[in-house]
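Contents: one structure, followed by commentary.
Each chain gets a letter, A, B and so on, in the order the sequences are listed, and its residues count up from 1. The basis for the numbers below is simple: all heavy atoms, side chains too, and nothing from hydrogens, waters or symmetry mates.
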Amino acid sequence: MAELRYVGKGLPRVDALEKVTGQAMYTLDLTLPNMLYGGLLRSPLPHARILSIDTGKAERLLGVKAVITGKDTPYTFGVSHMDQTPLQTEKVRYVGDAVAAVAAVDQDVLAEALSLIQVEYQELPAVFDPHEAMQEGAPLVHEDKPGNIASNPRYDIGDVEKAFREADYVFEDHFETQRVAHVCPEPHNNLAVWDASGKLTFYYCSQMPSVTRVQLSKAFNLPESRIRVVTNTVGGGFGSRATSKFPMDFAAIVLAKKSGRPVKIAYNRADEFIHSTFRHKFIMTVKTGINRDGTITGRHVTNICDNGAYSDYGPVVTNVGGALQGTLYKFMNYKYDGYCVYTNLPYGGAMRGIGNPQVHYACEAQLSMIAERIGLDPLELRLKNAVETGDETASGAILQSCGLKECLTQAAEKIGWKEKKANPEPNRGLGIACGVHFTGVRLSPGIDADFAGATITVNDDGSVNLATSCVEIGSGSSTVLSQICAEVLGIGLDKINIICGDTETCPMGWGSRASRNTAVGGMAVQKAAEDARTQILALASQKLEIHPDDLEIKEGVITAKGAPDRSLTVAEAVRFGRYRQGGTAVMAKAHWDAPSTLADPKTGRGNFSMAFSFGAKALEVEVDPATGRINVLGVAASQDLGKAVNPLAVKGQVEGGVHMGLGFAMYEQIMLDEQGRMKNPYLLDYRIPTVMDMPPVIPILVESQDPVGPFGAKGVGEMATIGMPEALIAAVAEATGLWITDLPITPEKVFLGLKAKKAAE
Amino acid sequence: MKKMISLNINGESYQVAVENRRTLLEVLREDLKLTGTRVMCNQGDCGSCTVLLDGVAVNSCLVLASDAVGKQVETIEGVAQGGALHPIQEEFIAKGAIQCGFCTPAMVLTTKALLAANPDPTEEDIKQTVAGTLCRCTGYVRIIDAIKGAAARRKES
Amino acid sequence: MKEFALYEPTSLKEACALLAQHGDQAKALAGGTDLLVGMKAGWLRPEVVVNLKKIDGLRDISFSERRGLSIGALVTWTQILEHPQVAEHYPALHQAAASMGSYQVRNLGTLAGNLCHASPAANGPVPLLIYEASCLIQGPRSKRTLDLSGLFAGPQKNALAPGELLSEIFLPVPPAGSKSLYLKFAQRKAMELATVAVGSLVQVKKDKFKLVRLALGAVGPVPFRAHKAEKVLLDQAASEEIMRRAAQVAMEESAPISDLRASAEYRRGLLEELTYRALRDCLA
């Protein structure tokens with residue numbers, strides 16, 4: 001391959017200037033003339049029949065411009081199940097379920113109006129525990145869902161029972177994870193405006209505006225051409241904005257219609273914790289068969305996902321949690337039983353890794369436990385079983401690139417695994433864990449597509465407008481896609497204007513989720529850029545009378561290979577094409593569907609992603625046994641990303657992944673009271689790690705050169721956050737002898753665990 | 001009942017009618033549309049609304065607008081002068097310290113206050129200063145790099 | 001936040017008169033880092049806010065070898081942190097200031113406000129208890145001096161009468177040769193309230209404890225001195241055993257609750273260990 005000029009370079013972000021000067025306009029910053037403030041009235045009860053709603057007093061309040069209830073929002077929606085309506089009419093299903101909405105001239109009037117709406121409820125028995133919810137006779141959250149089962153994804157590959165019978169050892173262990181929040185810095189908010197012709201413009205911080213448009217079109221029975229969804233700068237997404245529409249969004253749109261004025265609804269931080277979804281709580285049992293030499297023979301994972309009152313991504317999360325455990329190690333007997341169970345609690349959604357981090361935690365934690373039990377080195381045990389390039393895994397993934405072993409060995413080396421294992425120090429411990437995540441995914445039955453789009457227009461001066469279906473949510477996608485475009489076209493990065501987040505100008509795509517922007521989005525950009533390049537070279541060929549194959553483009557100049565005196569700028573080529581009789585323009589497009597397949601409905605097997613990213617986390621802790629304090633001394637985080645299109649951006653993403661993983665492992669927890677109200681809806685008591693809590697991080701990039709992705713690239717964002725709790729549990733166990741199997745691993749659990757252990761001795 | 005107050009923001013004088021309860025953050029974002037000052041928690045727990053009051057970094061959500069009268073308020077909009085970025089801003093870009101960008105204005109302003117008071121900060125000094133501003137994207141590693149870079153450049157010049 | 005009437009008196013007397021006039025309806029505003037948070041959340045809904053910031057003479061912090069440290073009501077945590085004699089003579093206060101809130105909050109928040117907020121987990125009370133600080137309380141007609149320990153009436157409840165203001169805090173010069181420190185345990189290393197906090201001041205002569213002061217935070221309705229534990233040590237030879245015993249007594253003196261930051265059981269365990277360490281480290 002020729003030397004790369006843009007790809008592989010740690011170039012500054014294309015959106016850095018607007019962000020560093022404060023000019024960037026997030027949706028939260030947008031206001032419109034005559035705009036109203038909207039808000040929702042929420043249920044104080046976890047499960048209750050609605051007997052009556054009286055909005056009369058609120059409607060009569062000066063400054064109230066619209067009041068709506070479920071009668072005004074007869075829309076059914078959902079992500080995987082259509083089990084939601086924006087405002088409830090029959091019954092409420094969790095503390096916080098929305099029943100009415102108001103638009104008013106200011107926040108004070110809004111708050112007063114909401115307090116004036118009278119709702120009469122008849123309380124119903126509620127269920128707060130997924131185990132209880134599955135029992136016969138338990139209250140039903142949705143009457144049409146017997147046993148409160150939202151979904152029951154299964155994988156059944158090979159013969160797990162036989163694998164257990166033939167194994168030297170079989171171990172079974174239980175693990176639990178907690179609810180954690182995305183904590184997007186910009187809270188969820190929107191701004192709806194209808195113009196005089198009945199066209200809806202919806203300003204919305206979404207990870208997938210084109211999907212939002214499809215959903216709104218269906219709900220409101222409007223042609224998609226009459227809906228514009230605009231996503232400005234986004235203050236973090238992490239999956240919470242992949243839900244693509246919430247009750248607050250329907251409310252804003254309907255209130256705007258009813259009042260005839262623009263309506264904005266913005267969450268405060270407390271709302272954001274509960275009503276923007278969160279990472280589901282999983283309750284897992286892992287059963288593993290293993291031989292004396294460390295060969296894993298098979299594994300069976302049972303997982304109960306506490307869905308909460310509505311499904312959102314719950315069934316997808318439960319499915320993905322199982323999908324990838326058959327793709328990390330070479331064993332070919334794999335079984336997964338997932339239960340996504342409704343309860344009368346707030347509902348979870350998609351969060352960075354979408355179920356995969358939780359199940360990785362359980363399985364990798366158990367593997368470290370097993371290593372201790374059978375006396376094998378946890379690193380060697382992993383290396384012995386690790387999948388490799390060329391493998392077709394139990395799950396059916398065909399690994400065209402796999403740097404798993406390099407990820408493991410490099411992370412171990414950087415943390416000083418061998419030396420430290422050989423010279424253990426009191427109260428210190430090492431932990432290692434590895435993982436796999438997809439790059440885009442094809443897991444939803446009925447949707448056999450995983451695509452992105454890109455269009456390119458080359459202007460008269462040789463500059464480029466590149467429109468992508470990907471949304472820049474902070475991860476650096478706009479920069480990376482611009483680099484790919486610049487590389488293919490041979491045009492300077494400064495000449496490329498990337499446009500994203502506007503359904504009016506951007507092609508349809510599945511937006512920014514599933515670690516797909518660089519690879520799936522990047523392939524669309526690459527294909528469009530190749531098309532544009534062909535068009536440019538065809539024009540240059542006519543002008544220079546040289547075969548296109550003998551031309552090349554560098555920095556916007558087209559030259560004949562080996563004859564640099566015969567040249568033409570891209571601008572000249574474009575103008576040559578345009579300004580003449582019967583002229584033409586350089587306009588290119590691509591819709592790229594990732595080459596992956598849907599799973600076999602019976603076994604769950606399938607090559608469900610275009611590429612698989614691997615990674616490992618190795619870390620060292622020091623524990624103060626007298627207080628339980630855990631100090632993470634350092635983390636080595638390796639990531640097989642195929643090819644780093646922008647190493648600077650990607651290292652930042654890996655470090656950020658460590659930060660979020662550390663929060664999941666040690667600090668963060670949405671605490672609910674017995675009715676499902678959040679007890680800690682403030683950033684003081686919902687603890688995301690501060691800079692003082694961050695250990696030194698060594699990011700390691702493993703470039704396995706994927707044959708499918710653009711320039712060899714695969715996804716990064718989600719794999720980057722997988723692995724922290726599972727590495728931590730092992731390190732803490734080595735330091736203390738305690739295996740803390742319910743997250744988060746807190747000083748209190750260490751302290752009380754050690755105290756109990758001492759008492760038992 | 002609103003009263004008129006006069007605020008000096010980024011060297012310019014603004015007259016605003018405010019209620020007593022109005023915070024500086026609300027005046028900046030809502031009345032003056034200086035939306036570069038971000039709001040993440042509005043409770044003093046995140047630091048994203050940081051501005052400088054007479055050069056001192058404070059959470060603008062915890063300051064009544066009337067308490068900013070007679071002081072020099074500096075927001076992110078005032079950091080780049082005459083179209084030229086401040087060296088701190090250049091370092092944040094060069095070191096890859098920006099992702100979603102929501103905490104960036106607060107980080108830049110906090111750095112400015114830190115370096116004015118302590119031109120040669122240790123890593124611990126930097127961390128103590130940054131600890132009041134939460135970032136959800138970067139893991140802070142490159143933010144620390146950028147602040148070190150800004151300190152080094154300040155020393156050179 | 002609910003709208004309120006705002007008064008900006010220029011003298012303490014005027015401020016006290018306003019506070020007396022409006023009684024329970026009024027709140028005094030110093031740094032605002034507790035008050036405004038409570039008002040935004042709706043926990044506090046005063047009709048009247050008396051802003052103290054226009055009053056002259058409350059921003060001073062000064063030290064003299066004779067009188068000790070004097071801290072005005074508007075002195076911020078940053079002023080305390082940066083005052084050279086605080087670090088030299090009152091290390092426990094310096095440590096409490098360093099671990100207070102955040103950089104930005106330290107620039108706004110005041111020690112006096114922290115004390116009057118009367119949170120059992122606050123940073124201010126514990127070090128001040130071991131330095132046996134006293135407060136100058138200004139009333140509408142008179143002033144009085146109050147031992148700091150008398151200021152705390154319950155969780156988030158101070159002992160000031162309507163119309164009274166804490167105008168100045170005095171810390172006597174610590175006994176010659178004494179050592180003191182503040183230990184705070186919290187989950188994160190910044191932006192935290194204490195799960196448990198311990199302050200200790202120890203003077204040892206001829207290997208015996210001549211003076212011991214221990215103060216505990218977040219293990220009872222108010223921060224308090226652990227007098228029984230202090231007595232265990234007095235005139236005893238310094239040994240690990242006696243310090244462990246005192247720590248156990250301190251634990252028995254405490255009455256922690258379980259809340260979302262920690263269980264009572266964990267708090268007791270932490271307290272015992274932190275008390276021991278606070279004593280041990282004073283001897284080091």
Side-chain angles (χ1 to χ4, degrees), chain B residues 1-3 5 18-26 37 39 41-71 106-107 109-114 117-118 121 124-134 140 147, chain C residues 1-8 26-27 29-55 59 74 76-79 81-82 94-95 97-110 113 117 186 188-193:
Chain B
M1 256 269 284
K2 289 184 178 176
K3 61 184 173 191
I5 59 169
V18 296
E19 288 184 298
N20 292 326
R21 61 174 168 171
R22 202 81 172 148
T23 61
L24 179 56
L25 171 67
E26 289 164 340
T37 303
V39 52
C41 81
N42 207 7
Q43 287 277 334
D45 295 330
C46 75
S48 65
C49 67
T50 299
V51 301
L52 305 187
L53 269 190
D54 286 343
V56 175
V58 298
N59 312 87
S60 61
C61 75
L62 297 181
V63 176
L64 293 181
S66 54
D67 270 341
V69 173
K71 294 180 188 289
M107 292 289 185
L109 286 163
T110 311
T111 304
K112 201 175 170 198
L114 168 71
N118 179 1
E124 182 66 16
D125 294 336
I126 293 172
K127 285 183 171 180
Q128 288 284 0
T129 308
V130 169
T133 307
L134 298 177
Y140 308 103
I147 298 173
Chain C
M1 194 177 356
K2 198 169 75 78
E3 179 62 346
F4 48 82
L6 179 67
Y7 294 96
E8 304 203 311
K27 284 276 174 194
L29 170 67
T33 56
D34 281 322
L35 182 67
L36 293 183
V37 171
M39 287 168 64
K40 284 176 190 214
W43 306 319
L44 302 171
R45 306 177 69 82
E47 298 288 335
V48 171
V49 169
V50 179
N51 188 355
L52 308 180
K53 290 198 192 75
K54 300 277 172 354
I55 301 172
R59 294 177 193 279
L74 291 178
T76 64
W77 286 102
T78 299
Q79 281 178 277
L81 191 58
E82 291 175 352
H94 186 260
Q95 287 150 1
S99 68
M100 172 68 205
S102 67
Y103 178 68
Q104 295 94 320
V105 164
R106 291 193 290 273
N107 284 335
L108 283 172
T110 64
H117 185 59
R188 287 186 298 187
K189 291 174 190 157
M191 302 276 275
E192 279 280 12
L193 287 172

*In terms of heavy-atom proximity below 4.5 Å to chain B, should C:E8 be classed as side chain, backbone, both, or neither?*
side chain
*What is the distance from atom CG of B:L109 to atom OG1 of B:T133, rounded to the nearest 0.5 Å?*
9.5 Å
_Return the CG to OG1 distance between B:L25 and B:T37, rounded to the nearest 0.5 Å._
7.0 Å
*Indicate yes or no: at least one non-hydrogen side-chain atom of C:F4 is less than 4.5 angstrom from one of B:R21.*
yes
*Contact part of B:T50 toward chain C, heavy-atom cut-off under 4.5 Å: side chain, backbone, both or neither?*
side chain
*Checking heavy atoms, do the side chain of C:A41, its backbone, both or neither come under 4.5 Å from chain B?*
both
*Look at B:L114, B:T129, B:D45, B:V130 and state which one has the largest set of heavy-atom pairs under 4.5 Å with chain C.*
B:T129
*Measuring heavy-atom distances to chain B, does C:M1 have an atom under 4.5 Å in its side chain, in its backbone, in both, or in neither?*
both
*Proximity breakdown for B:V63 and chain C, heavy-atom pairs closer than 4.5 Å*: both
_Heavy-atom cut-off 4.5 Å, strictly under: side chain, backbone, both or neither for C:L29 against chain B?_
side chain
*Non-hydrogen atoms of chain C under 4.5 Å away: do they reach the side chain of B:C46, the backbone, both or neither?*
backbone
*Quick check: does any side chain N or O of C:E3 sit under 3.5 Å from a backbone N or O of B:N20, one acting as donor and the other as acceptor?*
yes
*asked:* Report which part of B:A106 has an atom under 4.5 Å of a heavy atom belonging to chain C: side chain, backbone, both, or neither.
replied: neither
_So for C:K2, is it side chain, backbone, both, or neither that comes closer than 4.5 Å to the heavy atoms of chain B?_
backbone
_Below 4.5 Å, heavy-atom pairs only: which of B:K127, B:M1, B:Q128 has the largest tally toward chain C?_
B:Q128
*asked:* Working note: C:K40 + B:T23, criterion side chain to side chain contact (heavy atoms under 4.5 Å, CB included); need CA distance, chi angles, decisive distance, verdict.
replied: CA-CA 11 Å; C:K40 284 176 190 214; B:T23 61; 4.1 Å; yes
*State whether the side chain of C:K53 and the backbone N or O of C:A30 hold a donor-acceptor pair below 3.5 Å, judged by distance alone.*
yes
_Test item: C:Q79 side-chain N/O and C:R59 main-chain N/O as donor-acceptor pair under 3.5 Å_ = yes
*chain C heavy atoms under 4.5 Å from B:N42: which part of the residue, side chain, backbone, both or neither?*
both
*Heavy-atom contact with chain C under 4.5 Å, split by part of B:K3*: side chain
_Side-chain donor or acceptor of C:T78 paired with backbone N/O of C:N107 under 3.5 Å_ = yes
*Do you know which of B:L64, B:T110, B:V56 has the most heavy-atom pairs with chain C at a distance under 4.5 angstrom?*
B:L64
*Which distance, rounded to the nearest 0.5 Å, do you find between the CZ of B:R22 and the CG of C:L6?*
15.0 Å
_Between B:L134 and chain C, with a heavy-atom cut-off of 4.5 Å, which part of the residue counts as in contact: side chain, backbone, both or neither?_
side chain
*Would you say B:S60's side chain and B:C49's backbone share a donor-acceptor pair under 3.5 angstrom?*
yes
